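This chain uses plain numbering: 1 for the first residue, then up along the sequence. As the structure is a prediction and not an experimental result, all values here were calculated from the model. Note: hydrogens, waters and symmetry copies are ignored here, and every other heavy atom, side chains too, is used.
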Amino acid sequence: MESVLEIYNIETSSRETIYEFPYLIEAPNWSMDGKYLVYNSNGRIYSYDLCSNEIKEIYTDYAIACNNDHVLSADGRSIAISHGTKEDGKSRIYTLPIEGGIPRLITPLGPSYLHGWSPDGKTLSYCAERDGEYDIYTIPALGGEETRLTDAPGLNDGPEYDPTGEYIWFNSVRSGLMQVYRMKSDGSEQTQMTFDENWNTWFPHVSPDGKLISMIAYRKGDLKPDEHLPNKHVELRLMSTEGGKPTTIVELFGGQGTINVNSWSPDSKRFAFVSYRTNK
């Protein structure tokens, strides 16, 4: 598998290849100072300097089974990761300094898959399986008791705060296909925002200026509505945060790993993503 790290420019409607890797990388985050991207590969977390092209591993001590659910704090000082705990292999959420350090366990229960960090730094949002049901939860960023926000049947996933902290955007199969929803940060007013009849839409990411949503769409029939698989022909789309019909901006070979986490630049003019090539 080859990975192509790319950037889409909203103003010019163009995509630019930043770096090509002869192995799998996933899920770029954009740093809050705009200078580097963070991604995962082979269980580790790395930074990629956009000026020098320098790649550095972020030290995570024992957490070396990190998946593609990682988020940076709004102040840019910390990173939260999802790591498969050695004892049972289940994903749990940890936090550590952005320069690296000893991870601090936040979610004792697993599996828990991180997706959002509130703008005030106080709360994490995530998808978790509890008693056979996948729902959206929040927990204090310093640890504590988790709060369940959804109870709709089927998978509820990808919860991410908007820049104000008022809303959480997420995706859910409650309508039959995977669609994008929005709710208040306390779980109230859960509202469907996309109504695609031929696509399963995942991972809504809100731009820092609060105006746009980027998301990834799988064609109906290519997989089950609750699956987000790799090696698929997918589309990246944009939509106003006010709702309306999404616009397809990129068609690519990818899926899992392409934009699992928020990858917007701080100025809301670009976002990063990963496309893939098989070695066949």
Could you walk me through whether R270 and W30 pass side-chain contact (heavy atoms from CB on, under 4.5 Å), step by step?
CA-CA 10 Å; R270 298 170 292 169; W30 207 306; 3.7 Å; yes

Please say yes or no: joined through hydrophobic side-chain contacts below 4.5 Å, possibly via intermediate residues, are [X] and [Y] part of one cluster?
X: W202; Y: F273; value: yes
X: L72; Y: I58; value: yes
X: I7; Y: I259; value: no
X: V234; Y: L223; value: yes

Closest approach of [X] to [Y] (non-hydrogen atoms, all atoms of both residues):
X: I213; Y: P204; value: CG2-CB, 3.7 Å
X: Q190; Y: L149; value: NE2-O, 2.9 Å
X: P28; Y: V274; value: CD-CG2, 3.7 Å
X: P103; Y: G101; value: CD-O, 3.4 Å
X: I106; Y: A141; value: CD1-O, 3.3 Å
X: T194; Y: T201; value: OG1-CB, 4.5 Å

Could you give me the CA-CA distance, side-chain angles and deciding distance for K90 and E129, then say whether salt bridge (charged side-chain N to carboxylate O under 4.0 Å, His left out) is met?
CA-CA 10 Å; K90 292 183 179 180; E129 184 268 316; 5.2 Å; no

Is the number of heavy atoms from other residues, nucleotides or ligands under 6.0 Å of D75 CG greater than 12?
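Atom CG in D75 is packed in, count exceeds 12.
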
Is there side-chain contact between [X] and [Y], with at least one heavy-atom pair below 4.5 Å?
X: Q192; Y: S175; answer: yes
X: M193; Y: V180; answer: yes
X: N200; Y: E227; answer: no
X: Y167; Y: Y161; answer: no
X: N29; Y: Y39; answer: no
X: L177; Y: K220; answer: yes
X: S265; Y: F271; answer: no
X: T258; Y: Y276; answer: yes

Begin with the C-alpha distance, continue with both residues' side-chain angles, and end with the deciding distance and a verdict on salt bridge (charged side-chain N to carboxylate O under 4.0 Å, His left out) for D135 and R148.
CA-CA 7 Å; D135 278 296; R148 183 179 179 179; 2.7 Å; yes

After noting the C-alpha distance and the side-chain angles of V206 and W169, does the key distance pass the side-chain contact (heavy atoms from CB on, under 4.5 Å) rule?
CA-CA 8 Å; V206 192; W169 288 74; 3.6 Å; yes

For the atom pair [atom1] ([X]) and [atom2] ([Y]), what is the distance rounded to the nearest 0.5 Å?
X: K211; Y: L238; atom1: NZ; atom2: CG; result: 13.5 Å
X: I55; Y: S47; atom1: CD1; atom2: OG; result: 8.5 Å
X: L212; Y: T247; atom1: CG; atom2: OG1; result: 9.5 Å
X: I79; Y: L114; atom1: CD1; atom2: CG; result: 9.0 Å
X: L24; Y: N42; atom1: CG; atom2: CG; result: 8.5 Å
X: S91; Y: D69; atom1: OG; atom2: CG; result: 6.5 Å

Decide whether a cation-pi geometry holds between R174 and Y181; the criteria are a distance under 6.0 Å from NZ or CZ to the six-membered ring centre and an angle within 45° of the ring axis.
yes

Does NZ or CZ of R15 fall inside the cone over Y8's six-membered ring, less than 6.0 Å from its centre and within 45° of the axis?
no

Taking [X] for the side chain and [Y] for the main chain, is one N or O donor matched with an acceptor at less than 3.5 Å?
X: K232; Y: D222; value: yes
X: S185; Y: I168; value: no
X: S41; Y: I25; value: no
X: T107; Y: I93; value: yes
X: S275; Y: F253; value: no
X: H70; Y: I45; value: no
X: T138; Y: L124; value: no
X: T17; Y: E6; value: no
X: E16; Y: I18; value: no
X: H115; Y: E160; value: no

Quick one, N68 with Q256, criterion side-chain hydrogen bond (donor to acceptor under 3.5 Å, both in side chains). Give me CA distance, side-chain angles, the key distance, then yes/no.
CA-CA 9 Å; N68 52 35; Q256 174 73 290; 3.1 Å; yes

Pair [X]-[Y], side-chain donor/acceptor within less than 3.5 Å:
X: Y48; Y: N53; value: yes
X: R92; Y: S112; value: no
X: E20; Y: S3; value: no
X: S14; Y: N9; value: no
X: R237; Y: T248; value: yes

Would you please test S172 and N156 for side-chain hydrogen bond (donor to acceptor under 3.5 Å, both in side chains) and show each step?
CA-CA 4 Å; S172 174; N156 300 275; 2.8 Å; yes

Is the distance between the ring centroids of H228 and F203 under 6.0 Å?
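Yes, close enough.
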
Would you confirm whether the ring centroid of F21 sits within less than 6.0 angstrom of the ring centroid of Y19?
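They qualify: ring centres under 6.0 Å apart.
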
Specify whether Y137 and Y126 have parallel, tilted or perpendicular ring planes, treating 30° as the upper limit for parallel and 60° as the lower limit for perpendicular.
parallel

Apply salt bridge (charged side-chain N to carboxylate O under 4.0 Å, His left out) to residues R219 and D196 and explain how you reach the verdict.
CA-CA 10 Å; R219 188 177 298 276; D196 295 307; over 6 Å; no

For Y113 and N67, run side-chain contact (heavy atoms from CB on, under 4.5 Å): C-alpha distance rounded to whole Å, both residues' side-chain angles, the deciding distance at 0.1 Å, then the answer.
CA-CA 9 Å; Y113 303 97; N67 56 44; 4.1 Å; yes

May I have the step-by-step check of salt bridge (charged side-chain N to carboxylate O under 4.0 Å, His left out) for E146 and R130, ending in yes or no?
CA-CA 11 Å; E146 65 180 16; R130 305 288 183 260; 2.9 Å; yes

Go through the steps to decide whether I10 and W264 satisfy the test side-chain contact (heavy atoms from CB on, under 4.5 Å), and finish with yes or no.
CA-CA 10 Å; I10 302 297; W264 283 97; 3.9 Å; yes

